[in-house]
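Naming: A, B, ... by sequence-line order, numbering from 1 per chain.
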There are 2 protein chains.
Amino acid sequence: MSVTVINYDLSMGRWEPNARGRLEQAALELYGERGFEQTTVAEIAKRAGLTERTFFRHFADKREVLFWGQGALQELLVHAVADAPDSVAPIDAIAAALEVAGARFQGRREHSQQRHAIIAANAELRERELIKLVSLASALAGALRLRGIADPAASLAAEVGIAVFRVAFDRWIGETGQTDWSQVIRESMDELKAVTAGR
Amino acid sequence: MSVTVINYDLSMGRWEPNARGRLEQAALELYGERGFEQTTVAEIAKRAGLTERTFFRHFADKREVLFWGQGALQELLVHAVADAPDSVAPIDAIAAALEVAGARFQGRREHSQQRHAIIAANAELRERELIKLVSLASALAGALRLRGIADPAASLAAEVGIAVFRVAFDRWIGETGQTDWSQVIRESMDELKAVTAGR
DNA sequence: CGATCGATGTCAGTTGCTGTCATCACCATA
DNA sequence: TATGGTGATGACAGCAACTGACATCGATCG
C-alpha cells in the first residue's frame, strides 16, 4: 500500500520525511478499519514504513496518536479567554472561547465524526479523551484566574464550560443535530443557564 | 506478613474466604507503600496469598481494584434522585443526592484521603476515576429523565452536578478545608448558581 | 456414590512499552 | 578535507499487564 506523505520537507535527511504524520495516518486508518484493540502498534509502524520502537518515540502510548493535536486546541481556547474584554463575565468569556474553538471543527465535521466513532467504540480511548478535557478545564481555570477571578468560581466556570462543550459537541456531531457550531454553543449555554437557575 | 480477613465466612470452602477483600487490601497497602506503577499484580496476589491469574478474575485490570466500590455510590445517588419530591427542580434533586452521598464519605475522611492521594499521584488512575464520574453523570441523567426531564436539560444538570461534586470533594478533602460534607456541597452549589448567573 | 460446579492454580502466549546500544546521514569546525 | 558531534532511526532483549485453555479438588446435588 502507498502512504500519502503530508508536508513534504525539502530538508529531508536519511529517511522519508514526516515520520510522525505517517504514523498518525496509518494509525487512524487501521483504527478505523479494524478497531483500536484489534490493531497492534507493530502493524501501524509497518504501514508507516517504520518500526514499533519509533512509534513510541513519537507518541507516549498507543492512544496518544489520536490526541496529540489537542494541545493546539487548548492554546486556542486559553488565548480566547485571555483576549476577552475585562467587562465580560467568566462564564461568558468561556462561552466566547468555545465559539472561537469551533473554527477547528467547522468544515471538518466528517473527520471529527470518524475520530469520534473510533474513540466512542473503546473505553480506554474515552478515558484518554476525558483526561484531556479535564486538562483543558484546568487550563481555562488558569486563564480565568489571570483575569482576576478567584477560585472556586474560576474552576467552576471552567468545568461547567467543559460540560457545555461536551453536550454541544455531541449535539453537533449527531446525525440529526444542528451543524452550525456557534449556534449549538449558544443554545447549549442558554440551556445551562436555565437549568442552573432552577428551572 | 499477616492479612486481616474481613467478613469471615463460615461457609468456607477449600480456600481462605474473602479472596476479593484480601486482594483489595493488599493492593491498597502496596499502592500506598511504593506507588501504583511500582507495584506489580504478582506482588499484590502474593501478599493476598493468591495468584496473579486470580487477581484478574476478580478485577478487570490493575486499576479497577480501587474503583469497584463506585457502583454502590452510583446506586445510592440514583435512588436519591428518584426519591426526591416531584416539585424539586432537577439541579436541586442532584444537589440533594450529593448531600446524601456524603454518608459514604463522612467519617472515613482519612481513608478517602489515602485513596485520593494514590489516585492523584498517577495519570492512569485519574483517567479511570474520570470515566467513573462520567458513568455516574450518565446514570444521574437517566434518573432525571425518569422524572420527566428532557435532554439536554437532564444531561446538563447531571454533568454540572458532577462538576460540583468534583469541586466540593477537593475542598472537603483538602487540609484547610471545611470537613462537613453537606455544608461543602451547599456552598459549592451556591457558587455554581452565582457563576452561571453571570456574576 | 457419582456427576457437576465453582473458585483457584498452572502455564503458555500476545502485546504494550522501555532500556540500551548500534547505525549513519548530516553538520560544524578545525 | 578530516574529524567528531548530533539526531532520528533500527535492532534486540526484557518486563509486566492481560488472556485463553486446561487441570485440580472440595462442596453440593441428585
Side-chain angles (χ1 to χ4, degrees), chain A residues 3 5-24 26-27 30-31 33-68 118 122-128 131, chain B residues 3 5-27 30-31 33-68 118 122-125 127-128 131:
Chain A
V3 170
V5 177
I6 313 163
N7 290 334
Y8 190 86
D9 185 359
L10 288 182
S11 70
M12 65 174 283
R14 186 152 55 119
W15 303 275
E16 286 295 306
N18 196 25
R20 182 187 211 95
R22 272 150 51 215
L23 286 166
E24 189 188 1
L30 286 166
Y31 293 169
E33 288 169 19
R34 48 179 108 156
F36 175 77
E37 285 181 6
Q38 285 64 47
T39 303
T40 71
V41 176
E43 286 166 347
I44 298 169
K46 190 176 179 188
R47 183 172 290 201
L50 294 163
T51 64
E52 190 182 347
R53 190 67 183 84
T54 297
F55 178 94
F56 287 109
R57 286 200 179 94
H58 286 277
F59 303 101
D61 60 53
K62 191 185 165 188
R63 290 172 275 171
E64 196 61 18
V65 65
L66 285 169
F67 296 98
W68 72 277
I118 292 171
N122 183 271
E124 286 182 67
L125 291 175
R126 270 174 288 160
E127 289 189 353
R128 176 58 51 87
I131 208 163
Chain B
V3 169
V5 176
I6 312 164
N7 290 332
Y8 189 89
D9 185 358
L10 289 183
S11 71
M12 67 173 284
R14 190 150 55 121
W15 302 275
E16 285 295 307
N18 197 23
R20 181 187 213 95
R22 271 148 55 213
L23 285 167
E24 189 187 1
Q25 176 155 350
L30 287 166
Y31 292 169
E33 287 169 18
R34 46 179 109 158
F36 174 77
E37 285 181 6
Q38 286 64 48
T39 303
T40 70
V41 174
E43 286 166 346
I44 297 169
K46 189 177 179 186
R47 182 171 291 200
L50 295 164
T51 63
E52 191 182 349
R53 191 66 184 84
T54 297
F55 178 95
F56 287 109
R57 286 201 180 95
H58 285 278
F59 304 101
D61 60 55
K62 192 185 166 187
R63 289 172 276 170
E64 197 61 18
V65 66
L66 286 169
F67 296 98
W68 72 276
I118 293 171
N122 181 272
E124 286 181 68
L125 292 175
E127 289 189 352
R128 177 57 52 86
I131 208 164

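Atom-to-atom, CZ of B/R63 to C1' of D/dC18 comes out at 12 Å; the value is rounded to the nearest Å. Distance CD (A/Q38) to C1' (D/dC18): 15 Å, rounded to an integer number of Å. Here C/dT15 presents its C1' atom at 12 Å from CD1 of A/I44, a figure rounded to the nearest Å. One can place CZ of B/F59 at 11 Å from P of C/dT8, the figure rounded to the nearest angstrom.
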Below 3.5 Å between N/O atoms, which protein atoms pair up with nucleotides 5-9 of chain D? Just atom names and distances, please.
from  : atom 1 : to    : atom 2 : distance (Å)
D/dT9 : OP2    : A/H58 : NE2    : 2.8

Pairwise N/O distances under 3.5 Å, protein to nucleotides 14-17 of chain D:
from   : atom 1 : to    : atom 2 : distance (Å)
D/dA17 : OP1    : B/T39 : O      : 3.4
D/dA17 : OP1    : B/K62 : NZ     : 3.2
D/dA17 : OP2    : B/V41 : N      : 3.4

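The main-chain N or O of B/G35 is found under 3.5 Å from a side-chain atom of B/T39 such that the two form a donor-acceptor pair. Looking at B/R22, its side chain does come within 3.5 Å of a backbone N or O of B/E16 through a donor-acceptor pair. Side-chain atoms of B/E64 never come within 3.5 Å of backbone atoms of B/D61 as a donor-acceptor pair (strictly under, hydrogens ignored).
Taking the side chain as every heavy atom from C-beta outward, B/R47 and B/I44 never approach each other to under 4.5 Å. Contact check for B/L125 versus B/F67: side-chain heavy atoms found under the 4.5 Å cut-off. Contact annotation: the side chain of B/R20 never approaches that of B/Q25 to less than 4.5 Å [non-hydrogen atoms, C-beta and beyond].
For C/dG19, the base has a donor-acceptor partner in the side chain of A/R53 [N/O atoms by modelled type, under 3.5 angstrom].
Under a 4.0 Å N-O distance rule, the pair B/K62/B/E37 does not qualify as a salt bridge.
B/L50 and B/A19 get closest at one heavy-atom pair: CD1-CB, 3.7 Å.
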